[in-house]
Amino acid sequence: MERVKANFKASLELALPGQEILLERPKGADMGDFAFPCFRAAKALGKNPAQIAQELAASLQIEGAEILATGPYLNLKLHPQVRARLLLEAVLGPVPFGSAPAHAETVLVEYSSPNIAKLFTIGHLRSTMIGHTLAQVNRYLGCQVQRLNHLGDWGTQFGTLLAAYKRWAEQQNPRLDQDFEWSEETAEKHRTPLFRLFQLYVRFHQEEESQPEMRDEARSWFKRLEGGDAEARRLWTWFRQVSLAEFQRIYDRLGVAFDAMDGEAFYEDKLNSAIEQMRNAGILEEGEGGAQIVRLEDMGIQTPSIMLKADGTSIYATRDLAAALYRQKTYGFDRCLYVVGSDQVLHFQQLFAVLAKLDPWFKGRLTHTPFGMIKLPEGKMSTRKGNVVFLEDVLDEAVTRVLAVIEEKNPELPHKEAVAEMLGMGAVVFFDAMNDRVKPITFTWDRVIALDGDTGPYVQYAHARILSVLRKAGATWVDKARPTATPDAAIVPYSCEAIPPSLLGLEDPAAQTLLFELAGLPDAIRSVQRENMATALARQLVAIAKAFSGFYTNCPILWAENSPEVRDSRLLLCVATARALRQGLFLMGIKAPEEMWWENWWQT
RNA sequence: GCGCCCGUAGCUCAGCUGGAUAGAGCAUCAGGCUUCGAACCUGAGGGUCGGGCGUUCGAAUCGCUCCGGGCGCACCA
């Protein structure tokens with residue numbers, strides 16, 4: 001497929017010397033596989049674009065394809081047989097479809113980064129799953145990826161927590177294992193020490209509004225913590241431990257993992273040298289009220305970056321700076337992506353500006369990948385105010401709804417719970433990717449857990465139907481659509497399949513459309529890497545699933561016109577589609593059940 | 001007030017390094033299961049791409065401006 005494209009491009013370069021040849025993907029299979037818009041060439045040559053297209057169509061020849069002038073476009077359209085052969089070779093060949101060979105580029109992806117002592121909300125899902133997808137895709141495309149979880153385990157919030165614990169918990173419930181008499185538990189499953197910590201945090205902020213002096217209490221506790229106070233340290237360690245245990249449970253459920261979990265506290269002993277570097281560079285100065293700041297007006301940023309507060313303690317900017325310097329030394333990265341919400345754009349602009357002043361090496365290597373916040377219909381979510389939607393509640397609700405559908409449509413299905421888990425997760429995670437833009441999302445249960453239409457379960461359903469057909473065709477066919485071994489972090493490995501000489505039965509327009517959409521997958525994967533958004537991949541998977549449905553309803557597979565050759569080519573197309581869907585979902589962290597059925601190849 | 005982001009079908013959103021007739025899903029309406037999974041498919045209606053001006057052979061896409069919404073703006077992260 002790539003060879004034909006390169007061939008086409010080379011021919012055009014020969015025919016139009018000096019012109020830059022940019023090939024596009026036509027809108028549909030009937031128009032062709034590659035398109036060359038003639039507008040620019042027309043302008044340069046002072047001719048009508050449609051006329052140029054016709055002249056080129058008459059003069060160019062590519063084996064196995066027609067070259068057609070369609071208005072101002074010159075389209076290369078492969079013969080159906082050739083298209084089928086090239087595509088099946090690409091999907092079923094030895095190289096994972098759409099992947100790229102390993103190369104030396106090192107990409108750091110910082111994502112998830114929850115705050116200790118707070119619970120995972122639906123808001124954390126975005127950073128976690130977008131980051132996971134970016135990490136997977138970059139690895140698939142041959143980059144050396146480091147997945148970093150920059151845990152929020154340091155800062156004034158711990159002062160808040162320590163102060164709150166001392167005030168209300170130490171006497172009443174020092175181990176946080178039972179209810180506070182002043183609180184209302186929300187649900188049985190939240191009755192954990194971490195949830196009690198969360199309650200302390202919320203209460204502190206509520207009372208702080210009427211008693212501003214409590215803020216100083218919190219700040220002084222953080223100062224004690226940063227100063228090495230033994231009691232503060234002991235409690236901090238324990239809070240952290242309690243939190244990590246619950247985070248891990250959620251990561252396991254989401255199938256997300258990290259190469260490093262160095263939180264903010266990890267950089268504590270690296271802050272001084274970072275401050276020193278800034279001082280030596282002469283960019284640190286004293287601002288209003290005695291804080292140490294870096295002025296950034298010359299970089300077009302009016303708000304200076306605070307590096308040390310007036311009381312001498314560090315701030316998140318200090319720790320982010322130290323982290324970047326540490327990563328420079330440790331990984332020598334080419335790119336570092338920060339998958340963090342759009343409410344922090346200014347912070348990252350400041351951070352990148354300070355780093356660029358400190359060392360030009362950083363220029364162009366740092367990218368903030370912002371995403372829109374998730375709002376509730378009644379307004380912004382705020383952990384402090386306690387009006388949040390917890391991620392686990394969303395996942396549980398999704399699974400419950402899927403289970404209800406199963407009971408209705410397929411009550412005999414074995415392993416219902418496991419299948420429901422995969423589909424519920426798929427619905428929530430896929431929804432997030434479909435809308436991966438900077439716009440804020442208003443959370444409503446029905447939207448996030450939709451199961452019909454352009455959703456994860458739609459794609460998963462297409463996959464399950466394919467496997468159902470293959471099961472009826474025989475065990476060897478099922479095996480072709482199954483991974484051959486445990487996948488590594490980004491690649492589901494499949495066996496290489498020989499393509500038979502005859503590929504009858506794929507000339508039907510529905511089959512050709514499916515081939516065309518499959519051919520769009522590599523571009524979609526590259527687009528994820530380029531745009532740092534999962535949207536293109538999610539939408540291409542829907543397009544493939546939709547095209548499969550068309551193929552499935554229009555082309556009989558198992559009893560295809562009494563022709564074994566037709567049957568085999570169509571089965572092969574099914575295998576290719578199943579692999580593409582499964583691989584694509586896998587990159588997004590979504591599992592594809594075979595019968596909406598339990599399977600456990602990824603666990604061992 | 002200043003800065004950044006966003007206004008596309010009734011609803012939720014794609015499409016944005018300018019290019020083919022602006023596309024999906026949901027909802028509504030009309031059809032399709034004695035045959036490979038109907039968690040599906042086929043069709044219909046539905047649009048001043050927020051308004052205006054500009055650049056261009058060509059603008060949803062680029063620039064300016066106005067309107068509407070979100071976020072941020074020095075010791076939280």
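Here is the naming used below: chain letters follow the sequence lines, and residue numbers restart at 1 for every chain.
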Counting just side-chain N and O atoms, does A:Arg539 come under 4.0 Å of either OP1 or OP2 of B:C13? no
In terms of side-chain heavy atoms of A:Val469, which of B:C40, B:A74, B:C36 is nearest? B:C36
Suppose we define a pair by two distances each less than 3.5 Å, Watson-Crick or G-U wobble; what does B:G10 pair with here? B:C26
Have a look at A:Thr303 and say if it touches a base, only the backbone sugar-phosphate, or nothing, with a 4.0 Å heavy-atom cut-off. sugar-phosphate
For A:His368 and A:Val340 the tightest heavy-atom approach is NE2-O, 2.8 Å
First locate atom CD1 of A:Ile466, then atom CG of A:Leu581, and finally report the distance between them rounded to the nearest 0.5 Å. 5.5 Å
Please measure how far the P atom in B:G15 lies from the corresponding atom in B:A9, and state the result in whole Å. 15 Å
Assess whether atom NZ of A:Lys416 is packed by more than 12 heavy atoms of other residues, nucleotides or ligands within 6.0 Å. yes
Which nucleotide, in any strand shown, forms a Watson-Crick or G-U wobble pair with B:C4, with both distances under 3.5 Å? B:G70
Pairing nucleotide - B:G45, Watson-Crick or G-U, each distance under 3.5 Å: none
Using a cut-off of 4.0 Å on non-hydrogen atoms, how would the nucleic acid contact of A:Ala450 be classed: base, sugar-phosphate, or nothing? nothing
When the distance from NZ of A:Lys375 to P of B:C5 is rounded to whole Å, what number comes out? 18 Å
Given the P atoms of B:G25 and B:C67, what is the spacing between them in whole Å? 38 Å
Donor-acceptor check, side chain of A:Asp33 to backbone of A:Lys77, threshold 3.5 angstrom: yes or no? no
Rounding to an integer number of angstrom, what distance separates B:A44 and B:U56 when you compare their P atoms? 40 Å
So that I know where these two stand, are A:Phe348 and A:Tyr338 an aromatic pair - ring centroids less than 6.0 Å apart? yes
Nucleotide of B:G72, B:G37, B:A39 approaching A:Asp343 most closely (side-chain heavy atoms): B:G72
Touch class at under 4.0 angstrom, heavy-atom based, for A:Val345 against every strand present: nothing
Give A:Gly155 one of three labels, base, sugar-phosphate or nothing, depending on what nucleic acid heavy atoms sit under 4.0 Å from its own. sugar-phosphate
Touch class at under 4.0 angstrom, heavy-atom based, for A:Ile557 against every strand present: base
With A:Val389, which of A:Thr121, A:Ile374, A:Leu376 fulfils side-chain contact (heavy atoms from CB on, under 4.5 Å)? A:Leu376
Identify whether any heavy atom of A:Leu451 sits under 4.0 Å from a base atom; if not, whether one sits that close to sugar-phosphate; answer base, sugar-phosphate or nothing. nothing
To the nearest Å, how far apart are A:Asp446 CG and B:A27 C1'? 12 Å
Hey, does A:Arg319 reach any base, or is it just sugar-phosphate, or nothing, if we go heavy atoms under 4.0 Å? sugar-phosphate
Name the nucleic acid region contacted by A:Cys555, choosing base, sugar-phosphate or nothing; use a 4.0 angstrom heavy-atom cut-off, strictly under. base
Without swapping roles, check the side chain of A:Thr367 against the backbone of A:Thr369 for a donor-acceptor pair under 3.5 Å. no
With a cut-off of less than 4.0 Å, is there a side-chain N or O of A:Lys439 near OP1 or OP2 of B:C4? no
5' precedence on RNA chain B between A:Asn554 and A:Asn115 (nearest-nucleotide basis): A:Asn554
Side-chain atoms of A:Tyr458 come closest, of B:G37, B:C41, B:C26, to B:C41
Between B:A38 and A:Arg465, is there an OP1 or OP2 to side-chain N/O distance shorter than 4.0 Å? yes
Using both distances under 3.5 Å as the test, list the Watson-Crick or G-U wobble partner of B:G54, or none. B:C62
Testing B:A39, B:C76, B:G70 for proximity to the side chain of A:Val402, the answer is B:A39
Rounded to whole angstrom, note down the P distance from B:G51 over to B:G7. 13 Å
Check every strand shown and say whether A:Ile441 touches a base, only sugar-phosphate, or nothing at a heavy-atom separation below 4.0 Å. nothing
Would you say A:Lys43 places a side-chain N or O within less than 4.0 Å of OP1 or OP2 belonging to B:U56? no
Which residue lies toward the 5' end of RNA chain B, A:Pro37 or A:Thr553, if each is placed at its nearest nucleotide? A:Pro37
Counting side-chain heavy atoms from CB outward, which of B:U35, B:G37, B:G25 is closest to A:Trp559? B:U35
Would you indicate, yes or no, if B:C76 has its OP1 or OP2 atom less than 4.0 angstrom from a side-chain nitrogen or oxygen of A:Thr156? yes
Between A:Arg126 (side chain) and A:Met373 (backbone), is there a donor-acceptor pair under 3.5 Å? no
I'd like the P distance from B:C16 over to B:A60, given in whole Å. 14 Å
Give each protein N/O atom lying under 3.5 Å from an N/O atom of nucleotides 20-22 of chain B, with the pair distance.
unit_1, atom_1, unit_2, atom_2, d
B:A20, N1, A:Asn75, OD1, 3.4
B:A20, N1, A:Asn75, ND2, 3.1

Give a yes/no answer on whether the side chain of A:Arg215 brings an N or O atom under 4.0 Å of OP1 or OP2 in B:C76. no
A:His347 NE2 to B:G3 C1', in whole Å, measures 17 Å
Between B:A14, B:A24, B:G37, spot the one nearest the side chain of A:Asp454, thanks. B:A24
Starting at CG of A:Leu148, measure out to OH of A:Tyr111 and round the result to the nearest 0.5 Å. 8.5 Å
Any idea which of B:C57, B:C76, B:G37 is nearest the A:Arg219 side chain? B:C76
Establish, for the pair A:Arg465 and A:Tyr552, whether the NZ or CZ atom is under 6.0 angstrom from the six-membered ring centre and no further than 45 degrees off its axis. yes
Can you check the distance between B:U21 and B:A59, where both ends of the measurement are the P atom (answer in whole Å)? 13 Å
Flag if over 12 foreign heavy atoms under 6.0 Å of CZ, A:Arg203: yes
Under a 4.0 Å threshold between the charged nitrogen and the carboxylate oxygen, would A:Asp454 count as salt-bridged to A:Arg539? no
Across the strands shown, which category fits A:Ile406 at heavy-atom distances under 4.0 angstrom: base, sugar-phosphate, nothing? base
Only pairs with both distances under 3.5 Å count, Watson-Crick or wobble alike; so what is the partner of B:A39 in this structure? none
Do the side-chain N or O atoms of A:Tyr316 get closer than 4.0 angstrom to the phosphate oxygens (OP1, OP2) of B:A77? no
Mind calculating the distance between CE (A:Met434) and P (B:U12) to the nearest angstrom? 16 Å
Residue A:Pro304, side-chain atoms from C-beta onward, closest of B:A74, B:C13, B:C36: B:A74
Among B:C36, B:C6, B:C73, which nucleotide has an atom closest to any side-chain atom of A:Val438? B:C6
Can you find a donor-acceptor N/O pair under 3.5 angstrom joining the side chain of A:Gln157 to the base of B:A77? no
Quote, to the nearest angstrom, the P distance that separates B:U17 from B:C6. 13 Å
Just compare B:G70, B:C13, B:A38 and give me whichever is closest to any side-chain atom of A:Pro440. B:G70
When the C1' atoms of B:G1 and B:A14 are compared, how many Å lie between them, rounded to an integer? 36 Å
Pairing check on B:C16: which nucleotide meets the Watson-Crick or G-U wobble criteria with it, both distances under 3.5 Å? none
